[in-house]
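Shown next, in structure tokens, is the structure this report addresses.
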Amino acid sequence: MTFVFALLSVTPLRMPDGLTVTPSLSLMAVYYWTLYRPDLMPPALIFLIGIVQDVVSGAFLGLTPLLLLGTYAFALSQRRVFLGKPFALAWGGFGLVLLATTSFTWIIVSLIVRTPVPLLQPALQFVSTLLLFPLVVWLFVRTHRRLLPGQ
């Protein structure tokens, strides 16, 4: 499921005025599954998914696996904080992860191209990803209950 979301993450959504946005669906998947079923998210799989996403999207090779593994490390270390708590807390935690990954990506890409890249695209990705998070989590919860009953 995370692999499919990684592929969907490179498919831009068209917006008015010719803008495109690509919500970070793979980041949502890694965050959710690491919190609620870390046994289904081994680091080697996360690394592979990130590499595939970089190759398909044409991104700087290694950046996505680094971001996804950082998300994994955060979610795994903070599981006790989020488990059994209201959804808003997990959403807020995801917002912090998303802010960190978006900022880190902007900094790294700006350093690589040796000029600050415009902030519009990262801001659109941040907002769209954060707003889609509840819908995507709803899908994950339904999938989790259907495919892994009793968990």
Side-chain angles (χ1 to χ4, degrees), residues 1-15 19-83 85-113 117-144 147-148 151:
M1 187 174 199
T2 304
F3 180 74
V4 170
F5 272 70
L7 294 177
L8 290 173
S9 287
V10 301
T11 307
L13 303 173
R14 304 280 178 226
M15 296 181 61
L19 295 174
T20 60
V21 65
T22 51
S24 188
L25 300 172
S26 58
L27 193 75
M28 291 183 217
V30 168
Y31 181 81
Y32 175 85
W33 292 111
T34 301
L35 281 181
Y36 300 103
R37 284 301 302 268
D39 58 310
L40 299 177
M41 269 293 126
L45 178 62
I46 294 169
F47 180 81
L48 179 64
I49 289 168
I51 289 292
V52 168
Q53 185 173 334
D54 280 350
V55 168
V56 171
S57 70
F60 297 109
L61 197 58
L63 183 58
T64 302
L66 181 63
L67 297 173
L68 295 180
L69 287 169
T71 298
Y72 170 82
F74 172 81
L76 196 60
S77 71
Q78 300 303 309
R79 283 186 78 223
R80 291 183 187 184
V81 173
F82 297 116
L83 290 180
K85 303 294 189 318
F87 171 74
L89 187 62
W91 194 6
F94 179 73
L96 292 175
V97 167
L98 182 60
L99 180 61
T101 58
T102 302
S103 300
F104 182 76
T105 301
W106 181 83
I107 291 167
I108 294 299
V109 171
S110 293
L111 288 172
I112 290 171
V113 299
V117 295
L119 288 171
L120 180 60
Q121 206 61 34
L124 287 174
Q125 182 179 20
F126 176 85
V127 170
S128 65
T129 302
L130 193 60
L131 293 177
L132 278 175
F133 185 72
L135 177 64
V136 172
V137 166
W138 176 81
L139 177 65
F140 289 155
V141 169
R142 292 190 49 91
T143 302
H144 192 175
L147 296 179
L148 305 165
Q151 300 293 319

Hey, could you give me the [atom1]/[atom2] distance between [X] and [Y], rounded to the nearest 0.5 Å?
| X | Y | atom1 | atom2 | result |
| --- | --- | --- | --- | --- |
| Tyr72 | Leu45 | OH | CG | 10.5 Å |
| Leu83 | Leu89 | CG | CG | 10.5 Å |
| Gln78 | Leu35 | CD | CG | 9.5 Å |
| Leu27 | Gln125 | CG | CD | 8.5 Å |
| Leu130 | Leu99 | CG | CG | 9.5 Å |

Decide side chain to side chain contact (heavy atoms under 4.5 Å, CB included) for Val137 and Met28; before the verdict, give the C-alpha distance in whole Å, the side-chain angles of both, and the deciding distance to 0.1 Å. CA-CA 8 Å; Val137 166; Met28 291 183 217; over 6 Å; no
Under the side-chain contact (heavy atoms from CB on, under 4.5 Å) rule, collect the residues that match up with Leu96, sequence neighbours excluded.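 Checked Leu96 against side-chain contact (heavy atoms from CB on, under 4.5 Å); zero matches.
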How would you list, by chain and number, every residue that makes a side-chain contact (heavy atoms from CB on, under 4.5 Å) with Ala59, sequence neighbours excluded? Asp54, Ser57
Taking the side chain from Thr34 and the backbone from Tyr31, do they hold a donor-acceptor pair closer than 3.5 Å? no
Tyr36 side chain to Val141 main-chain N or O, any donor-acceptor pair under 3.5 Å?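 Side chain of Tyr36 to backbone of Val141: no pair is present.
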Salt bridge (charged side-chain N to carboxylate O under 4.0 Å, His left out) partners of residues 89-111, not counting sequence neighbours, each pair once: none
By the side chain to side chain donor-acceptor pair (under 3.5 Å) test, which pairs, at least two apart or in different chains, include something from residues 92-113? none
Take Phe94 and Phe82 through the side chain to side chain contact (heavy atoms under 4.5 Å, CB included) test and state the conclusion after the steps. CA-CA 10 Å; Phe94 179 73; Phe82 297 116; over 6 Å; no
If you take all heavy atoms of [X] and [Y], which pair is closest and at what distance?
| X | Y | result |
| --- | --- | --- |
| Ile46 | Leu69 | CG2-CD2, 3.7 Å |
| Arg80 | Lys85 | O-NZ, 3.6 Å |
| Pro65 | Ile51 | CG-N, 3.5 Å |
| Phe74 | Gly93 | CE2-O, 4.1 Å |

Can you check side chain to side chain contact (heavy atoms under 4.5 Å, CB included) on Leu68 and Phe47, steps first, answer last? CA-CA 7 Å; Leu68 295 180; Phe47 180 81; over 6 Å; no
Can you find a heavy atom in the side chain of Phe60 that is under 4.5 Å from one in the side chain of Ile112?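 Phe60 vs Ile112: side chains touch.
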Side chain proximity check, Leu135 to Leu139, heavy atoms < 4.5 angstrom: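 A side-chain contact under 4.5 Å is absent here.
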So, using ring-ring contact (aromatic ring centres under 6.0 Å, His included) as the criterion, who are the partners of Phe140 when residues are at least two apart?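 Phe140 satisfies ring-ring contact (aromatic ring centres under 6.0 Å, His included) with Phe5, Tyr32, Trp33 once adjacent residues are dropped.
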Would you please name every residue forming a ring-ring contact (aromatic ring centres under 6.0 Å, His included) with Phe104, sequence neighbours left out?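 Residues passing ring-ring contact (aromatic ring centres under 6.0 Å, His included) with Phe104: none at all.
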Ser26 and Gln53: side chain donor to acceptor below 3.5 Å: yes
